[in-house]
Every structure is written in C-alpha cells, then in structure tokens.
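We name chains A, B, ... by the order of the sequence lines, and we start the count at 1 in each one.
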Amino acid sequence: MNELDLLSAVGSIDGELVERAAEPKKKNSGRALLIAASIAAALALAAGVFAIVLSKTEAAPEGDGKEASATEAEAPENAGVPANMYSGYVKYNGKAYIFMMNLPASEDIEGEFLAEITHRIKPDTPPEEAPELSGYKKGSICALKGFDPEHMICMPDGETISLFIDWDSYDYSSGEKVLEGVFHASEYMRGLIYESGESVENGYDERFVMDGDGLPLAREMLAALGAGEWTEPIMDVNEHYRISCGLLWDFTLDLGAIDLGLSIYEGGYAGVHMTNALRFIRFDEARIAPFLEYLSEGCHGEPAELSDNMRNLRPEALRGEPRFGKYFPETPGGFRLERATIVYEQSSGSEPVDPGKVRLLTAEYRGVENEDAMIKITVRSKAELTSELLGADEDKRSDAPIEELDASTVKVSGSGCYEVTGYDENAAITIHAYDSLTPEEIAALMHECFGK
Amino acid sequence: MDDRAIAELLSSGSEQAIAETNAKYGAELFRLALRLTGDPEVSEECVNDALFRAWELLRGKEPAQRLLPLLGRIVRGIAIDRIRAAGSKKRSAVLIELTQELSDALPWSGSVEHEAEANELGELIRGFVNKLPREKQAVFIRRYWYFDTIAEIASSMGTTESRVKSMLFRMRKGLRLLLERKGYDV
C-alpha cells in the first residue's frame with residue numbers, strides 16, 4: 001500500500017458526505033454561536049457549571065448549626081454542563097486562559113481538545129509538537145505537559161492565599177491523597193512568596209469551555225474532610241457581593257484545568273469555590289479542627305470564634321422571614337427547581353444576617369416533561385432596583401406593580417423568551433420563561449407567587 | 001438540467017447523457033483531474049474517459065442518486081491510474097504535497113497487490129471518515145477528495161490554516177493507528 005492507494009481509497013467515501021463537505025459553512029454556526037451564547041450567559045454558565053439539582057427543599061430546623069441540613073440536595077457530576085461543553089482554564093507562561101468550547105462527540109475528544117487549546121494558546125505550534133495530557137484523573141482533570149502552571153506559588157492577598165500545586169507529583173485518586181497534597185502545599189505558606197503579573201485572557205473570541213472536572217475531586221476531597229450536605233449555591237459575581245462574614249481561611253488549589261477554592265467559615269461551614277460559584281457545605285467540625293490548627297501554625301494565628309451566620313443565609317431559613325420570605329416561591333407546577341442563588345452583602349462578620357440586605361435572588365426551574373422549558377425568577381431588593389432603573393428607557397420596560405400586571409405587560413425579551421417585571425413595596429421580581437409559559441400564564445404565576 | 005434528469009439519461013443509455021453530464025460537471029471533474037495530474041491535456045482525457053465510463057456503468061441501472069461523488073470517484077481513479085502509469089516522471093505540486101501528507105497515515109510502505117485489498121482499504125477509509133465529527137469530515141474530504149488547498153479549506157470554513165493543518169495531522173495519525181490495528185502493517 002502506498003500513498004496513491006490511500007488517495008484512491010478516499011474515493012470510496014460516502015457520496016452524501018462528499019456532497020455535504022462541499023457545502024459552504026453556514027454563518028453563525030459552531031463557535032460563533034457559542035461565543036454569542038457565552039457572552040449572554042457567561043456569568044450564569046460560570047455559576048451554573050456545577051449547579052446543584054435540588055430534589056426537594058425543606059425548611060431548616062432550628063438548631064446550633066451542627067445538625068444536618070434539612071435541605072436534601074445532590075450534586076450530580078455534570079449538572080448544568082451541556083453535553084460536549086468544555087470549560088475551565090489552562091495556564092501557560094504566567095497567564096491563565098479561560099476556555100469555553102463546544103466539541104462534538106468524538107472518539108478522540110481529548111485530542112480535539114488539545115488541538116484546540118494548542119491552536120488558541122500557541123497558534124504557531126507545529127502539529128507534531130502538540131502537548132499531551134498528563135496528571136489524568138477519571139478522564140476529566142487534566143493538565144498539559146508544556147503548559148503546566150508554575151510550581152508552588154503562594155499569592156498572599158489579605159486572608160486569601162492561592163496555592164499552585166505541582167499536581168503531577170500528587171495522586172488524586174482519593175480524597176485523602178488530595179488532602180495530603182493540601183497539607184503538603186500549605187508548608188509553603190510560610191514562605192509567602194508573592195508572584196505578580198498573572199492575568200486572565202478572556203476576550204470573547206478566545207473563550208472555551210472545558211469539562212467541569214473540579215466537581216468530582218471537590219466532592220472526594222470534601223468527603224475526606226467529613227463534609228455534610230450541600231446547600232444552595234451562592235453566586236459571588238462582583239466584589240461588592242462578596243460574603244465576608246466569618247471567613248477563616250481561603251485556599252485556591254490550582255488543578256490546572258480549574259481552581260478549586262476551599263473557604264473555611266465559622267459555624268463549621270466550608271465553601272467550595274468553582275469558577276464563580278460558592279457553595280456551602282456543612283463540615284464535621286471535628287474533622288476540620290486539625291486542619292485549621294495546622295494552618296494556624298503557618299502564619300495566621302488563632303481562628304475566629306464560631307457563629308451561626310452562614311447557616312442563616314440559606315433560602316429555607318430566609319423563607320421564614322416575614323418581609324422577604326415570600327420571594328422564595330414554591331416550585332411552579334410541571335417544573336422542578338434546578339438552581340438557586342443568593343447574593344448577599346454584609347460588611348461586618350459580627351452582625352447577624354439581615355434578610356433585608358439580600359440583594360439578589362434567582363431561582364431557575366426546569367420543565368419536568370420538557371427539559372428545554374425553563375422559568376427563571378429574579379428578585380431584586382428595592383434599593384438595588386432603583387439604582388438600576390434610573391435612566392432606563394421607559395418604552396422598553398416591561399414592568400408594573402404586581403397587582404396591575406396582565407398578559408399585555410409581558411414582553412418578548414431579546415433572547416426570544418417572555419419577560420415581565422412586577423413591583424411591590426420591597427422588591428422587583430422578574431420572570432423569564434423560556435419555551436414554556438404563555439404571557440397569560442406568566443402573569444398568573446406572578447400574581448400567584450408574589451401578589452398580595 | 002438537474003441531477004435527477006441527468007441520472008435518468010445516463011440510466012437510459014442516451015447519448016445525450018454524456019453531453020449533459022459534461023455541461024454540469026465537466027468543469028469540476030477537470031479541476032479534480034488537473035489537481036492530481038497537473039497537466040491540462042491529460043486532465044481533459046481523464047474527464048472524457050470518466051464520462052464515458054460513467055455512461056457505461058450506469059446504463060440500464062437505477063438512476064444514480066448522487067452524481068458528483070460518483071463521477072468524482074471515477075475521474076479520481078482514472079487520474080491516479082494515469083499517474084501510476086507515468087511513474088514518478090510527472091507529478092503535480094498538489095499531488096506531491098498530498099502524498100507527502102498521506103505518508104503520515106501509512107504504517108509501512110508497500111503496495112496493494114489484489115483488488116480485494118483495495119476494496120477493503122476503501123471500506124476502511126469510509127468507516128474512518130464516517131466516524132469523524134462533521135467539521136473534521138469536511139476538512140478531510142475537502143483535502144483528500146476534492147484536493148482543496150489548506151488555504152481554501154481554511155477560508156471556506158472560516159478558520160485558520162494552522163487549525164486546518166492541525167486537524168489534518170491528527171486525522172492522519174488516527175488513520176495510521178486504524179490501519180495498524182487492522183493489520184496493514186508488517
């Protein structure tokens with residue numbers, strides 16, 4: 001067999017494929033559509049990559065915060081991540097490149113991904129020099145030889161320390177091993193080497209998504225630490241929405257493909273950061289204590305006193321609050337609650353949680369029969385709403401006091417779904433309905449959930 | 001004349017079929033042959049041979065569904081046969097480039113001695129391409145079936161040349177692995 005034989009054999013390719021290959025590429029297909037979608041949904045996707053699918057929620061019992069949460073939740077491995085969507089980042093030469101990429105199913109999916117990354121980061125790389133996967137774990141976590149992050153860098157930022165582990169050296173097959181890696185890396189905290197100059201390339205034409213590989217590892221690691229149930233995710237999108245009460249320790253593990261952040265809070269809670277989503281898990285304090293002690297010996301002194309604050313931020317606790325509780329509606333019929341986020345601002349760790357300071361709540365419901373159907377309810381506090389709407393174009397607004405809403409106030413939003421905003425004395429509630437409810441049904445939902 | 005009408009003419013054995021087929025596909029077939037042979041005169045002969053061969057092949061049979069792939073296969077085969085016969089004396093720049101690329105996909109250097117092996121190789125290639133993602137299929141076919149240049153492929157697909165090269169490289173590697181697994185090595 002020689003090259004000509006091969007060339008001749010190519011003539012046997014199916015005629016349908018031959019014809020299709022000659023068709024001009026459609027505009028806005030593939031990557032261009034993905035980029036447009038990612039711009040529109042970047043924050044939601046970042047928070048939603050590891051979204052928790054809630055089977056049901058119940059009001060939390062009163063307690064000292066050490067009892068198991070009544071919120072039953074699961075964290076499926078790829079909840080919220082569309083099939084074949086890859087996200088994360090890869091570091092190369094002191095820079096982190098955020099990726100968002102939709103790859104079709106293929107036997108050589110890793111090769112596809114590597115080729116794409118190589119092309120994006122080092123477009124001049126000859127094909128034969130493309131990096132190979134290394135540090136593999138369950139086919140999901142990966143780093144690239146030749147693209148590995150810097151070795152053991154500590155970046156002090158007040159209470160925040162980011163640790164970049166040369167994780168080729170560590171076995172991530174079990175949570176215990178990961179924990180050992182954390183402990184081992186924490187020895188370098190003593191040196192506190194400050195490394196500057198890292199930047200994130202996130203121009204929209206260079207965004208990919210790699211598959212959400214941090215979640216299985218996070219769960220393993222947290223299982224090793226005796227973590228309890230997950231709670232609803234809290235989005236930490238902007239600086240002023242930062243949850244700042246009771247933070248004891250904050251670590252970020254650079255796993256090459258994603259940051260796995262571990263924040264230890266008062267009250268036996270720990271938050272796991274993955275991209276921009278922060279999830280609270282209730283920890284077994286007995287298991288945490290040695291960990292905290294070990295870290296205290298490093299450079300940060302005694303941990304703060306314990307408090308109940310973090311427990312009070314969960315929706316089931318807020319639902320009982322008279323003024324704000326009604327903004328956590330029951331699940332609409334035919335839908336299931338898929339994701340809920342709370343954005344909360346509190347300046348002092350010693351203040352009790354004030355539900356009036358909840359700035360933003362979103363709840364997303366997915367259709368049970370039709371998974372493409374989605375309802376998103378966004379609740380904004382009045383203070384935030386006023387500042388947002390100042391200067392808004394009145395002709396384009398779709399809002400009214402809740403009691404005045406009807407189908408005529410429901411508008412088609414830019415993304416092709418229906419949207420309406422209703423006010424009461426405390427907040428504004430926006431309902432978006434994707435491929436699901438009619439304007440009449442949306443108005444009725446608003447009245448039912450939020451009307452007096 | 002649309003494909004269906006031409007296919008029926010070919011099926012009926014009408015002499016008009018050759019003229020109609022040439023009118024519709026002659027230019028594309030000529031382009032394919034020229035890319036391989038690099039010689040306009042030889043290419044013209046290849047196209048004429050291909051049209052006649054198609055007429056003979058399809059006469060009395062059910063009208064063919066896809067004419068261009070069928071005609072293209074015939075003219076490619078004829079052109080490659082002419083190249084084999086001419087030896088290494090006359091090879092177009094495109095052909096040299098293509099064969100150099102495809103050497104990546106070869107486990108070893110030899111020749112297909114039996115027609116049965118040629119058919120088997122064709123089946124293998126067909127299966128390999130069938131499993132590729134759509135975009136890669138298009139790149140592979142445009143390069144090795146239509147003989148488009150890297151630049152042409154990149155431009156029509158709205159991507160960069162380096163990406164196209166990278167995709168082709170990986171596909172050739174994958175093809176070689178497949179050939180080795182199927183016992184095409186020694």
Side-chain angles (χ1 to χ4, degrees), chain A residues 1-35 84 101-132 205-206, chain B residues 36 65-66 68-70 72-74 76-77 80 83-84 95 98-100 102-103 105-106 108-112 117-119 121-126 129-142 144-146 156-158 160 162-163 165-170 173-175 179 184:
Chain A
M1 178 175 63
N2 59 27
E3 296 87 346
L4 283 179
D5 296 324
L6 216 46
L7 207 56
S8 180
V10 169
S12 302
I13 291 174
D14 285 347
E16 184 184 348
L17 303 187
V18 170
E19 282 188 341
R20 193 164 67 199
E23 289 168 9
K25 186 176 166 72
K26 289 177 189 165
K27 282 193 179 178
N28 286 333
S29 65
R31 195 166 65 234
L33 263 181
L34 174 65
I35 290 168
N84 305 328
M101 175 165 56
N102 190 13
L103 291 177
S106 161
E107 285 183 8
D108 186 26
I109 198 64
E110 290 148 13
E112 301 261 354
F113 174 70
L114 287 175
E116 274 295 324
I117 284 188
T118 310
H119 164 71
R120 299 297 171 134
I121 297 177
K122 293 177 69 180
D124 298 328
T125 304
E128 54 273 16
E129 291 179 16
E132 295 174 3
D205 61 345
E206 292 291 333
Chain B
L36 283 178
Q65 289 205 338
R66 293 188 165 82
L68 178 60
L70 175 64
R73 181 177 178 177
I74 296 173
R76 290 172 87 260
I80 289 172
I83 291 164
R84 279 195 230 271
L95 181 64
L98 288 171
T99 50
Q100 277 176 352
L102 286 173
S103 64
L106 288 178
W108 98 112
S109 182
S111 65
V112 174
E117 288 183 27
N119 288 339
L121 184 59
E123 282 302 310
L124 213 64
I125 301 290
R126 191 213 300 256
V129 172
N130 280 349
K131 287 181 187 169
L132 293 173
R134 194 172 278 209
E135 187 184 35
K136 285 193 152 186
Q137 279 178 350
V139 170
F140 187 92
I141 292 170
R142 293 189 75 140
Y144 301 120
W145 199 100
Y146 286 101
S156 73
M157 299 191 75
T160 62
S162 68
R163 183 162 180 260
K165 280 186 206 170
S166 185
M167 290 167 77
L168 287 168
F169 176 78
R170 293 198 64 80
K173 262 179 78 170
L175 181 56
L179 292 172
Y184 276 83

Using side chain to side chain contact (heavy atoms under 4.5 Å, CB included), reason through A/Leu4 and B/Leu95 one step at a time and then give a plain yes or no. CA-CA 9 Å; A/Leu4 283 179; B/Leu95 181 64; 4.0 Å; yes
Search all heavy atoms of [X] against all heavy atoms of [Y] and return the closest pair with its distance.
X	Y	answer
A/Glu19	B/Pro69	CG-CG, 3.8 Å
A/Ala21	B/Ala138	CB-CA, 3.9 Å
B/Leu102	A/Leu7	CD1-CD1, 3.4 Å
A/Ser12	B/Arg73	OG-NH2, 3.5 Å
A/Ser8	B/Arg84	CB-NH2, 4.1 Å
B/Thr99	A/Glu3	O-CG, 3.1 Å

Answer whether the closest heavy-atom distance between the side chains of [X] and [Y] falls below 4.5 Å.
X	Y	answer
A/Arg20	B/Gln137	yes
B/Leu68	A/Val18	no
B/Arg126	A/Leu17	no

What distance do A/Ile13 atom CD1 and B/Asn130 atom CG have between them, rounded to the nearest 0.5 Å? 8.5 Å
Applying side chain to side chain contact (heavy atoms under 4.5 Å, CB included), run through B/Leu179 and A/Leu6 and close with a yes or a no. CA-CA 11 Å; B/Leu179 292 172; A/Leu6 216 46; 4.2 Å; yes
Applying a strict 4.5 Å limit to non-hydrogen atoms, the region of B/Tyr146 in contact with chain A is side chain
